[in-house]
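Notes to accompany the following structure.
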Amino acid sequence: MFTWRHILQPIPVTLPFEATVQDVLHQITKNSAELVLILKDGRVVGYVDQHSLLQQIQISSDLQRPIQYRKDLLKVPLEHEIEFYHNTSVYIGVNELDELEGYCTTKNARNRMHELRLTHLNQLSAGAGIGIITTNSSLEITFVNEMAEKILGLSSSFILNRNYNSLIEVEHNLNDVLAGKSIDSVSSYFNFKHMIGNYTALVVDGQVTGLVHIFFLREQWEKAARELEFVRHLNEDLQAIYSSSQEQIMVVNPQGIIIRLTGTFLKDYWRLESPEEIIGQNVFDLERQGLFQPNIVELCLKKGTKITCIQERKNGNRLWSVATPVFYGGQLTKIIIISRDITEVDQLRKKLIKVRQESEGYKQELEKLQSYTIRKKDLVYQSQAMERVVDEVRIVADVDTTILIHGESGVGKEVIALAIHEWSKRHPHRFVGVNCGALPEHLIESELFGYEKGAFTGADSKGKTGYFELANLGSIFLDEISELPLNMQVKLLRVLQEREITRVGGNKTIPLDVRIIAATNRDLWELVQSGKFREDLYYRLNVIPVHIPPLRKRKEDIMPLSLHFLQHFNQIYHRKKVLSHEVLEVLENHQWQGNVRQLQNVIERLVVTSRGDFISHDDVLSVLYANPQGKKEPVITIELMPLKQAIAEVETELLTLGLQKYGTAAKVAEVLDVSPATISRRIKKLLK
């Protein structure tokens, strides 16, 4: 494809529209220019070429009169394909900023196009090793390309204008070609060179004006035939390998159309009998039909890099897929997706884990942990930030040192603590989680360390084992450690130092072998400075600090977490809900002040409250902007502020109230008397 950039000439002389005939004559003579562009208010409004200038001089000898300029010109973008328009003599090239870059007359443009095409043809034929010779109707040679000269060993100056019929040896009559007959794959001899080629008539405006001989050396033809046979055998071998590999290979163009499908056809996943039923369909349409999620092609187009993910159907079938973009000349040409059905493998893995856990005596503990959504699942993340956190805790998991986890409420501190336990050598023993902020202050000691029978009024007559004893040989997780009162901080410090406890009301020390993992959403060092947390306990706990970033700083995790929660709640509530890609975009743009816990609650609410199986853009907006108080105070200004800021605040208020009341962007647009596109832009801006 040739663009205007390929043929434009440099910017010519320019003059204001008030210029005189004398001014134009002077500039054309001085610069030997073929034309002058006329500007008005910095824009090109016309031109004066040599012909039109001479006409004006012939009409009148007054050179001081205003110039009359022609207007048959057209402004064209530099990167657009060359296309000629009726009644246009001059083309003005502009860049993306609408700035003048060059010009070209129609005549020069056509000549330049002819030169480019001829050069391109020579390059193509040279690259392919193809010779081309053309003749007129008398079989006199009129054109010889460079490759033909090279093949024949003769220069074009020697061959041109000679009668081709007298130079070449061929079994067929070339006059038959002039009569309109084509002769294919014919052997011929010229200058002792054996060639294979085709003869076709050269037709111009419906009339045969000569012939075209396209040829190459016989040795090249035989070599190409051998290579083609090799490629055919190689293709058959590759097809056999693909079919035996249990993997499906799908090729999709940048528009999402499936153009090829080979290897093992995954019938159970597609629920179709043959791959031909898939070829030609658009993956975006298949996604909208709820056939699978997520759309790995869309993810690959957005990222522009190799993507790996698990795709799932409503019926539970799962594919492990890898999408790889293919580029040519800097442009994306296709996406290749290699997929393997892991439904059975995943089911077997889950069964194996369950059998192993039950055989090792964990059935009771697993039932106890069933109420926790994430504990029974693998860690779900995709961001580099969480990858660094996970790599860090994997390294320290097997070392029995104390770990302090920092992070905002809802980021998943307990999930990381449980992962540390599962990856450690203590994983066969108990993991005990304790929320220090939820324990009544007068019962904290007895809950943590237990008590002997009759230790205090109301105590169990048999006594009670504390959380630390329950976690012996395993791990104890002390969440919200900052909420411990100072007197309990002293006793916890003793446990860390002596590795033993004494029950309330008892005098016998009980040795402990337990790993302590603490967590907080507050700045412990700031509490130390204000005297609300012991400095010695701080240093005992903060041996290995682990910081979990908030969800708004690791947006790459929002999509996999959303799909994870969707699958979980679909199973719990026996639903088949599907998230649209618009919903995922809204979720990714939300700030999530409540972090992962808030995202989990939103997905659960969408699964329970949305009406259809397809969760829409409007469904998620109504949930995210729902006001639990049911009412919001209007914007009131008590002092002057910039008008732009005031308008922005009023827009935000109106948009929020509209979404709360009507639930859909379309209805809000109707009430506010604006277009739905305007509402969508405001929502995206609000979510950032």
At what distance, to the nearest 0.5 angstrom, does [atom1] of [X] lie from [atom2] of [Y]?
X      : Y      : atom1 : atom2 : value
Gln293 : Glu312 : CD    : CD    : 7.0 Å
Gln281 : Leu261 : CD    : CG    : 11.0 Å
Asp479 : Ser409 : CG    : OG    : 8.5 Å

Quiz item: In a check of salt bridge (Lys or Arg N to Asp or Glu O under 4.0 Å) between Arg522 and each of Glu408, Glu480, Glu483, which one passes?
Solution: Glu483

Exercise. Compare every heavy atom of Asn570 with every heavy atom of Lys576, then report the nearest pair and how far apart it is.
Key: N-OD1, 3.8 Å

Practice problem: Give the minimum heavy-atom separation between Phe533 and Leu537, together with the two atoms involved. | Solution: CZ-CD2, 3.7 Å

Quiz item: Would Lys577 and Leu606 count as a side chain to side chain contact (heavy atoms under 4.5 Å, CB included) if you check the C-alpha gap in whole Å, the side-chain angles of each, and the deciding distance to 0.1 Å?
Solution: CA-CA 9 Å; Lys577 303 290 184 177; Leu606 288 170; over 6 Å; no

Got [X] and [Y] here, is their nearest side-chain heavy-atom distance under 4.5 Å?
X      : Y      : value
Ile444 : Pro440 : no
Val596 : Phe565 : yes
Met488 : Leu448 : yes
Leu551 : Val411 : no
Pro294 : Leu563 : yes
Glu500 : Val495 : no
Leu404 : Leu524 : yes

Quiz item: In terms of side-chain geometry, is the basic nitrogen of Glu452 or Lys464 positioned less than 4.0 Å from the acidic oxygen of its partner?
Solution: no

Quiz item: With a 3.5 Å cut-off and no angle check, do the side chains of Asp557 and Ser383 form a donor-acceptor pair?
Solution: yes

Quiz item: Do Tyr451 and Glu445 meet the criterion of a side-chain donor-acceptor pair at a distance under 3.5 Å?
Solution: no

Quiz item: Once the angle between the rings of Phe477 and Phe431 is folded into 0 to 90°, is it parallel (under 30°), tilted (30 to 60°) or perpendicular (over 60°)?
Solution: parallel

Quiz item: Is the number of heavy atoms from other residues, nucleotides or ligands within 6.0 Å of CG (Asn487) greater than 12?
Solution: yes

Exercise. Answer yes or no for Arg394 and Trp423: cation-pi contact, defined as NZ/CZ to six-membered ring centre under 6.0 Å and angle to ring axis within 45°.
Key: yes

Self-check item: Derivation of the side chain to side chain contact (heavy atoms under 4.5 Å, CB included) call for Val434 and Leu439
Solution: CA-CA 9 Å; Val434 183; Leu439 295 176; 3.8 Å; yes

Practice problem: Kindly determine whether Phe449 and Phe468 satisfy ring-ring contact (aromatic ring centres under 6.0 Å, His included), including the steps that lead there. | Solution: CA-CA 6 Å; Phe449 306 134; Phe468 271 93; 5.6 Å; yes

